[in-house]
Engineer: 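Take a look at this one; I'll ask things after.
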There are 2 protein chains.
Amino acid sequence: MPYDSSKLLDATNLAILRELQQDARLSYSELSRRVGLSVPAVTERVRRLEDAGIIEGYGVRLNFEALGYGITALIELSAPPSRYPQVLAFCEQTPEIRESYFVTGDSSYVVRVVARSVQHLQEIIQRLGTFGNTRTSVVLSSPIIKTSFDLEGLKR
Amino acid sequence: MPYDSSKLLDATNLAILRELQQDARLSYSELSRRVGLSVPAVTERVRRLEDAGIIEGYGVRLNFEALGYGITALIELSAPPSRYPQVLAFCEQTPEIRESYFVTGDSSYVVRVVARSVQHLQEIIQRLGTFGNTRTSVVLSSPIIKTSFDLEGLKR
DNA sequence: ACTGAAATCTGTAAACC
DNA sequence: GGTTTACAGATTTCAGT
């Protein structure tokens, strides 16, 4: 339920979010030690951040390379609006497609995919190609993937 | 330390990863109930997945819109190799840049940025523009952002 | 809103199969 | 690798401020 209530972003809650970004499996007792409040107070604050929709959930950061998915690519797809539902359905049922963005500019969709080999990537490109023109950029390296966001700018 | 040891990806560990992807704050006792092993067995398995580099860490999924960063954009940057170190340093110190990819094709970099307003986005684009030509695609919607990966394909 | 304390549940380490 | 046991630590609930 993302309705703001900007008071939720006081210095203590920003500290809580900072800690959870670095290690979401921190115990409440350790978290409360770090932010200087009692355990029930911190537990309640986290619950409210979840209820407000600021915290959407907790995830594990997986190393796709170690899982055998050594290739990442960004694929731009230009497709007529009439095919959007089909494109969406395809993206949803294809696990290799990690995210899709509907963007301004000459390409309608940009998707990020992971693949086990160039053959595997080619398959995905060909399937996307049935919806429209594609333009693929293979990722050579990902110098920056930030796992936490500096929330300092949110202080009022 | 990502050296595989592919035996780490048996059905039980895939189940553990599946559960942690959905909720990384699950207790070990709940996790062990779900995968049908004792608590110490599951704790040890998670420790090994971490040691092998398959699990890189645990994070909180934040709603950037609720945090006031309502705009996402993909910016392609073409810059000469001599400027890569500067570009990298800029990306690293700019919190709004969430990830950067070095890619094949005519653009050397693709970055994903979040911004609080179009003015804010413009600032970032202008700063990136000091390194080379930019091409910005504003994200209109993100129909798919997957928070978990179907690991079924890894079964041997 | 936060604290502190009690009851219950969970994590950790050791001994063993 | 796995389990069981036993102790230490963490979570939840609630009365009090």
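Reminder, nothing fancy here: chain letters follow the sequence lines and each chain counts from 1.
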Engineer: The side chain of B:Arg48 lies closest to which of these nucleotides: C:dA5, D:dG1, C:dG11?
Structural biologist: D:dG1
Engineer: Atom CG of B:Leu31 to atom P of C:dT12: distance rounded to whole Å?
Structural biologist: 13 Å
Engineer: Name the closest nucleotide to the A:Ser29 side chain, picking from C:dC2, D:dT3, D:dT11.
Structural biologist: D:dT11
Engineer: Within the 4.0 Å heavy-atom criterion, would you say A:Ser27 contacts the bases, only the backbone, or no part of the nucleic acid?
Structural biologist: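 Sugar-phosphate only.
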Engineer: Kindly say whether A:Ala24 contributes a backbone atom to a donor-acceptor pair with the side chain of B:Arg25 at under 3.5 angstrom?
Structural biologist: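 At least one qualifying donor-acceptor pair exists.
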Engineer: Tell me if the centroids of the rings in B:Phe102 and B:Tyr109 come within less than 6.0 Å of each other.
Structural biologist: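 Yes, the ring of B:Phe102 comes within the 6.0 Å limit of the ring of B:Tyr109, centre to centre.
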Engineer: Please report, rounded to the nearest Å, how far the C1' atom of C:dT10 is from the CZ atom of B:Arg34.
Structural biologist: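 About 15 Å, once rounded to whole Å.
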Engineer: What is the distance from OH of A:Tyr28 to C1' of C:dT10, rounded to the nearest Å?
Structural biologist: 14 Å
Engineer: Under 4.0 Å between a side-chain N/O of A:Arg33 and OP1 or OP2 of D:dA10, yes or no?
Structural biologist: yes
Engineer: Among C:dA13, C:dT10, C:dC2, which is the nearest nucleotide to the side chain of A:Arg45?
Structural biologist: C:dC2
Engineer: Please state whether the phosphate of D:dT4, meaning OP1 or OP2, lies under 4.0 angstrom from any side-chain nitrogen or oxygen of B:Ser38.
Structural biologist: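 Negative; the distance criterion is not met.
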Engineer: Counting neighbours of CZ on A:Arg127 that are heavy atoms of other residues, nucleotides or ligands and sit closer than 6.0 Å, is the number greater than 12?
Structural biologist: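 Counting other residues, nucleotides and ligands, CZ of A:Arg127 stays at 12 neighbours or fewer.
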Engineer: Do the side chain of B:Ser148 and the main chain of B:Gln21 share a donor and acceptor less than 3.5 angstrom apart?
Structural biologist: no
Engineer: Provide, to the nearest angstrom, the distance between the CD atom belonging to B:Glu44 and the P atom belonging to D:dT4.
Structural biologist: 17 Å
Engineer: Tell me which of A:Arg25 and A:Gly36 sits closer to the 5' end of DNA chain C, going by the nucleotide each one is nearest to.
Structural biologist: A:Gly36
Engineer: Which part of the nucleic acid, if any, lies within contact of B:Arg47, taking any heavy atom under 4.0 Å across all strands shown: a base, the sugar-phosphate backbone alone, or nothing?
Structural biologist: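 Counting heavy atoms under 4.0 Å across all strands, no contact is made by B:Arg47.
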Engineer: Just so I know, are the side chains of B:Ile54 and B:Leu17 near enough to count as touching, which here means a heavy-atom distance under 4.5 Å?
Structural biologist: yes
Engineer: Would you kindly give the CD-to-C1' distance between A:Glu30 and C:dT12, to the nearest whole Å?
Structural biologist: 16 Å
Engineer: Just how far, in rounded Å, is P of C:dG11 from CG of B:Leu26?
Structural biologist: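 Answer to the nearest Å: 10 Å.
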Engineer: Could you work out which one of D:dG2, D:dT12, C:dA1 sits closest to the side chain of B:Leu37?
Structural biologist: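 The closest nucleotide is D:dG2.
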